[in-house]
Amino acid sequence: MSSLLSPSFRRHCVSLSYEYASLIFTISLRLFLTLLSSPNSSSNDHDSFPQMIFPWIIPDCDETFNYWEPLYQLLRPHAGEGLQTWEYAPEYALRTHAFLLPLHFVQSSLVRLGNGRYPPNAIFSILKILLIVFTATCEHAFVRGLRRVYGRNVAIWTYVSSAACTGMGLAGSAYLPSSISMALCMLSWSYAIGDGLAPCPPRAPVIQSSLFSGHIWIPVAASAMWFYIAASPTSIGPIILVVLSLGAMLHFVAALIVERRTFASPYRRAVLVGLIAVTFTGWPFVAVIFIPLGIAAVTDAATSGGGGAGTWRVGCVLASVTCRAIGFVCLGTALDSILYDRITSATWNILVYNAFGSGDDLYGIEPTSYYFKNLFLNFNGLAVLMAVWPVVAFFRLVFDKCLKVSRKEKNNLGSTISWKTITLLSPMYFWLAIMGSRPHKEERFLYPVYPLVLLASSLSISEGLHIIMSILNRLMLQKKCYSATDSTKNLTIWQRCPPLLVGLVPVILCAASSLSRTIALHRYYAAPTILYSRLRDRILRENIRTHRDGDSPVNVCVGGQWHTFPASYLLLEGTTSLRFLQSGFGGQLPAPFSNSGFREGGSPTRPFNNINRKEISRFFRGGISACDYVVELMLDPIIGEREAPEMMRYMMEDTQAEWKEVEAVPYLDGKQSVAWRRTGLVPGAFGGGGLEWSRYSAFKRSPFSEKEFSQTMAK
C-alpha cells in the first residue's frame with residue numbers, strides 16, 4: 001500500500017493523466033474536424049442520427065467492395081447480401097481474412113450486446129469512428145516520440161499539420177490495408193524513437209509487455225482456431241492444425257529469445273508492430289518501409305555488445321524476427337484456409353500476383369506526375385517542404401561548416417540531422433520511388449508514408465529557421481544593434497523570436513488551406529452516403545406502411561454509378577438488394593455472395609476472372625422493369641459533348657410504369673467546374689461562382705394501372 005502512495009508513483013500517475021488527456025484531445029479533435037466537414041443535412045428529418053452527423057466519403061470503390069462488403073457478409077453470413085469481388089474467390093484468394101476479423105469482432109459484439117438495437121447503418125458509422133480513434137491513438141504515440149527526439153517545436157508543427165491535413169483525414173477514416181498500415185507504421189516508429197503508447201504505472205510493465213509482445217493474444221487466437229476446427233471439422237482440418245501448431249511453436253521460440261533480453265528493447269516492439277503490419281493487413285509490400293528500421297535494430301544489437309557478444313545478439317535478433325514472421329504467416333494461413341476451405345496463404349498469393357502477374361495494366365495507367373499532384377492537393381505547401389528537405393539539410397551542413405557554428409549555438413538552435421532521422425525518412429523516398437515507377441497509381445498507395453511527409457516538412461522548417469536565424473544573429477552582432485545598456489543584449493535573435501511561433505506561421509497557413517479542402521470534399525462528394533441513407537429510411541417507412549413481406553426484395557438498380565455505392569450497410573438489411581444494369585463500364589463487376597460465403601468461388605452462374613473481363617452474369621436479368629428504385633447521377637446535358645444518363649434512357653424506355661425522382665442530393669460536376677474553385681471551399685463558392693452542380697438522385701418506379709397503361713400506349 002505504501003508503494004502506491006510513494007512520490008514516484010504519484011508523479012507517474014500525473015504524467016499518465018497528462019498523456020491520456022492529450023490522447024483524448026487528439027481523438028476529440030479528429031472527430032470534431034469530421035463533424036465540421038459534414039454538410040448540413042439537418043433539414044432532412046428522416047435521416048438517421050449517425051448519417052446526419054457523419055456523411056462519410058469513400059473516394060475509392062476498392063474500399064467498398066474489397067473490405068466493407070466482405071465485412072458485411074461476415075455480419076450476415078447466411079443472407080448472401082454482400083458483394084464479392086474476384087479477389088475473394090477461393091481459386092484466387094488474394095485477400096486475407098485476418099484484416100477483417102478485428103472489426104468483425106466489434107460489429108458482432110455490438111449486435112449481441114445491443115440485442116438488435118444497432119442496425120447496420122449505425123454499425124457502419126461506429127466502425128468508421130473506431131478507425132479514426134485507432135489512427136488518432138497511433139498518431140498521438142508518434143508525436144510523443146517526435147517530441148522526445150526532436151523537441152517540442154517539431155512535435156507541435158507535425159501535430160498541427162497532421163490534425164488539419166486532408167490526406168491524414170482521408171486515410172485515417174478509410175478501411176484499407178494501406179490506411180491501417182499507416183497507423184501501424186506510426187505506432188512502430190513511436191516505439192523505435194520513444195515509449196510508444198502511454199506508459200503504464202509502476203508494477204504494470206509485465207502486463208504491457210505481455211499484451212504488446214503477443215505472449216497472450218497469440219495463444220488465445222490459436223486456441224480459438226483449435227476449438228473452431230474441432231467444432232466444424234473439414235477435410236483439411238488436420239493440415240490446418242499442423243500449420244497452426246508450427247506457428248505457435250515458432251512464436252514461443254521467439255518469445256524465449258526475447259525473454260533472454262537479447263533483443264534491444266527500443267526496437268523489439270517496433271519490429272513486432274512492423275511484422276503485424278506486413279503479415280496481417282494483406283499488404284506485404286509495406287515491408288519495404290520497415291527495412292531501414294530492421295537495419296537499425298541489427299546495428300544496435302551489433303554495437304551494444306563487445307566482441308563475440310555483438311555477433312551473438314545479431315544472430316538472436318534475426319532468429320527472433322524470422323520465427324515471429326513465420327509464426328504470423330502460419331497463423332494467417334490457417335485462418336485463410338479455414339474460411340476459403342482450402343490450404344492457401346493470401347499473403348503469398350498477392351505477392352505472386354503482383355510480382356509475376358500483369359495486373360497493373362488492367363486498372364488504369366497514370367503518369368508519374370499523378371503522385372506529385374496528389375501530394376500537393378492533400379498537403380499543399382507541406383509537400384513542397386517535404387521535397388526540399390534533403391536540399392535544406394545539405395545546406396545546413398555546409399552552413400555550419402563554413403561559418404564554424406559552435407556546439408553551444410547548435411544546441412540552442414537545435415539539430416535534426418542524424419542517423420535516426422535518415423532511418424525515419426529514407427523509407428518515404430524509397431516508397432515514392434517504387435510507387436512512382438509502377439504503371440498503375442492510386443492515392444491510397446501513398447497512405448503509409450503520409451506521416452513522414454509531415455515530419456519531413458517540419459524538419460525543413462526547423463533547418464530553414466536554423467540557417468535564417470543564424471545569419472540574422474551574426475548580422476545584428478556585426479552591426480552592433482544592441483546598445484550597452486540594453487537588458488537583452490545577451491539574447492540572440494533566436495531567443496528574441498521564438499522559433500515555435502515563427503514556424504507555426506507556414507504550418508497554420510498550410511493547415512487552413514488543407515482544412516478548406518477537407519470541408520470542400522465532404523460538401524461536394526458526400527452525396528452517395530447521404531442519398532443511400534435517405535433511401536434506406538424511405539424503404540423502411542414504405543414497408544411498414546404497406547406491410548410488405550421481406551420475401552419480396554426491393555431492387556435498387558445502378559448503372560455507371562456502381563463505383564460510388566458506399567456499402568451494403570446503408571441498405572435495408574434483409575429487404576433491399578443492389579442490382580447492376582448494363583452500362584458503359586467494360587470491366588468485371590462484383591457478384592452477390594452465395595449462402596456459403598467465401599467458400600464458393602467461380603461457377604457457371606457466377607464466373608470470376610483475374611483479367612478484368614466483363615461478365616454478363618453480373619447484370620440484373622429482370623431489367624429496368626423489375627427495378628423498384630434507380631440511382632443515377634443527373635448531369636446537366638451539354639450540346640454535342642454529353643449524352644443523357646444511361647439510367648434515364650432505360651427509364652424512358654419503360655412504358656409500363658412512371659419514374660419519379662424521390663430523393664436528390666447536390667453533387668459537384670467536377671469536369672464543368674473551375675479547377676481552382678473545386679480544390680477547396682472558397683467563401684461564396686458553394687452554390688455558384690465557378691462551380692457547376694449536378695444531382696445524385698434516386699427514382700422510384702410506379703407501375704401504371706391498366707387504364708393508365710392503355711392511355712399511355714394510345715399516346
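Distance check, rounded to the nearest 0.5 Å: CZ of Arg538 to CZ of Arg534 gives 10.0 Å. A distance of 11.0 Å separates CG in Leu635 from CE in Met648, rounded to the nearest 0.5 Å.
Between the side chain of Tyr88 and the backbone N or O of Asn66 there is at least one donor-acceptor pair closer than 3.5 Å. Using modelled atom types, no side-chain atom of Glu91 and backbone atom of Phe608 make a donor-acceptor pair closer than 3.5 Å. A distance-only check finds a donor-acceptor pair linking the side chain of Thr166 to the backbone of Ser514 [under 3.5 Å]. Although no hydrogens or angles enter the test, the distance criterion places no donor-acceptor pair under 3.5 Å between the side chain of Lys700 and the main chain of Val662. Side chain of Glu692 to main chain of Gln672: no donor-acceptor pair is present (N/O by atom type, distance under 3.5 Å, no hydrogens or angles). Not one N or O on the side chain of Asp628 forms a donor-acceptor pair closer than 3.5 Å with the backbone of Arg701.
Taking every heavy atom of both residues into account, Trp86 and Tyr92 meet most closely at O-CD1, 3.5 Å. For Thr96 against Thr281, the heavy-atom pair with the smallest separation is CG2-C, 4.1 Å. For Ser181 against Pro448, the heavy-atom pair with the smallest separation is CB-CG, 4.4 Å. In plain terms, the two heavy atoms of Tyr340 and Leu94 that are nearest each other are OH-N, 4.4 Å.
Residues that satisfy the side-chain hydrogen bond (donor to acceptor under 3.5 Å, both in side chains) test with Lys660, not counting sequence neighbours, are absent from this structure. For Arg579, the side-chain hydrogen bond (donor to acceptor under 3.5 Å, both in side chains) partners are Asn555, not counting sequence neighbours. Here Arg536 pairs with Glu573 under the salt bridge (Lys or Arg N to Asp or Glu O under 4.0 Å) rule; sequence neighbours left out. Contacts of Thr347 classified as side-chain hydrogen bond (donor to acceptor under 3.5 Å, both in side chains), with partners at least two apart in sequence or in another chain: none. For Tyr532, there are no side-chain hydrogen bond (donor to acceptor under 3.5 Å, both in side chains) partners at least two apart in sequence or on another chain. Residues that satisfy the salt bridge (Lys or Arg N to Asp or Glu O under 4.0 Å) test with Arg695, not counting sequence neighbours, are Glu661. Looking at residues two or more places apart in sequence or on another chain, you find a side-chain contact (heavy atoms from CB on, under 4.5 Å) between Leu377 and Lys373, Arg517, Thr679. Among residues two or more places apart in sequence or in another chain, the ring-ring contact (aromatic ring centres under 6.0 Å, His included) test is passed with Tyr569 by Trp68, Tyr72, Phe124. When the salt bridge (Lys or Arg N to Asp or Glu O under 4.0 Å) test is applied to Glu442, the partners found at least two apart in sequence or on another chain are Arg444. In this view, Glu615 and Arg613 satisfy the salt bridge (Lys or Arg N to Asp or Glu O under 4.0 Å) rule, not counting sequence neighbours.
For residues 584-593, no pair satisfies salt bridge (charged side-chain N to carboxylate O under 4.0 Å, His left out), with sequence neighbours left out. Judged as a salt bridge (charged side-chain N to carboxylate O under 4.0 Å, His left out), the pairs with a partner in residues 127-138 (not counting sequence neighbours) are, in order, Glu63-Lys128.
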Practice prompt. Mind running ring pair (Phe, Tyr, Trp, His ring centres under 6.0 Å) on Phe99 and Tyr175 for me, showing each step along the way?
Written response: CA-CA 10 Å; Phe99 182 74; Tyr175 186 39; 4.9 Å; yes

Item to complete: Take Ile350 and Arg95 through the side chain to side chain contact (heavy atoms under 4.5 Å, CB included) test and state the conclusion after the steps.
Response: CA-CA 8 Å; Ile350 197 169; Arg95 305 297 181 191; 3.8 Å; yes

Worksheet item: Yes or no on side chain to side chain contact (heavy atoms under 4.5 Å, CB included) for Ser179 and Phe134, after CA distance, side-chain angles and deciding distance?
Response: CA-CA 11 Å; Ser179 60; Phe134 174 69; over 6 Å; no

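No side-chain N or O of Ser673 forms a donor-acceptor pair with one of Tyr524 less than 3.5 Å apart. Side-chain atoms of Tyr450 and Asn378 form a donor-acceptor pair, as typed in the model, at a separation below 3.5 Å. A donor-acceptor contact closer than 3.5 angstrom is absent between the side chains of Asp654 and Ser625. Asn121 and Ser533 share no side-chain donor-acceptor pair at under 3.5 Å.
No option in Phe585, Phe619, Phe620 other than Phe585 meets the ring pair (Phe, Tyr, Trp, His ring centres under 6.0 Å) test with Trp562.
A perpendicular orientation is assigned to the rings of His440 and Phe445, their planes being inclined by more than 60° (bins at 30° and 60°).
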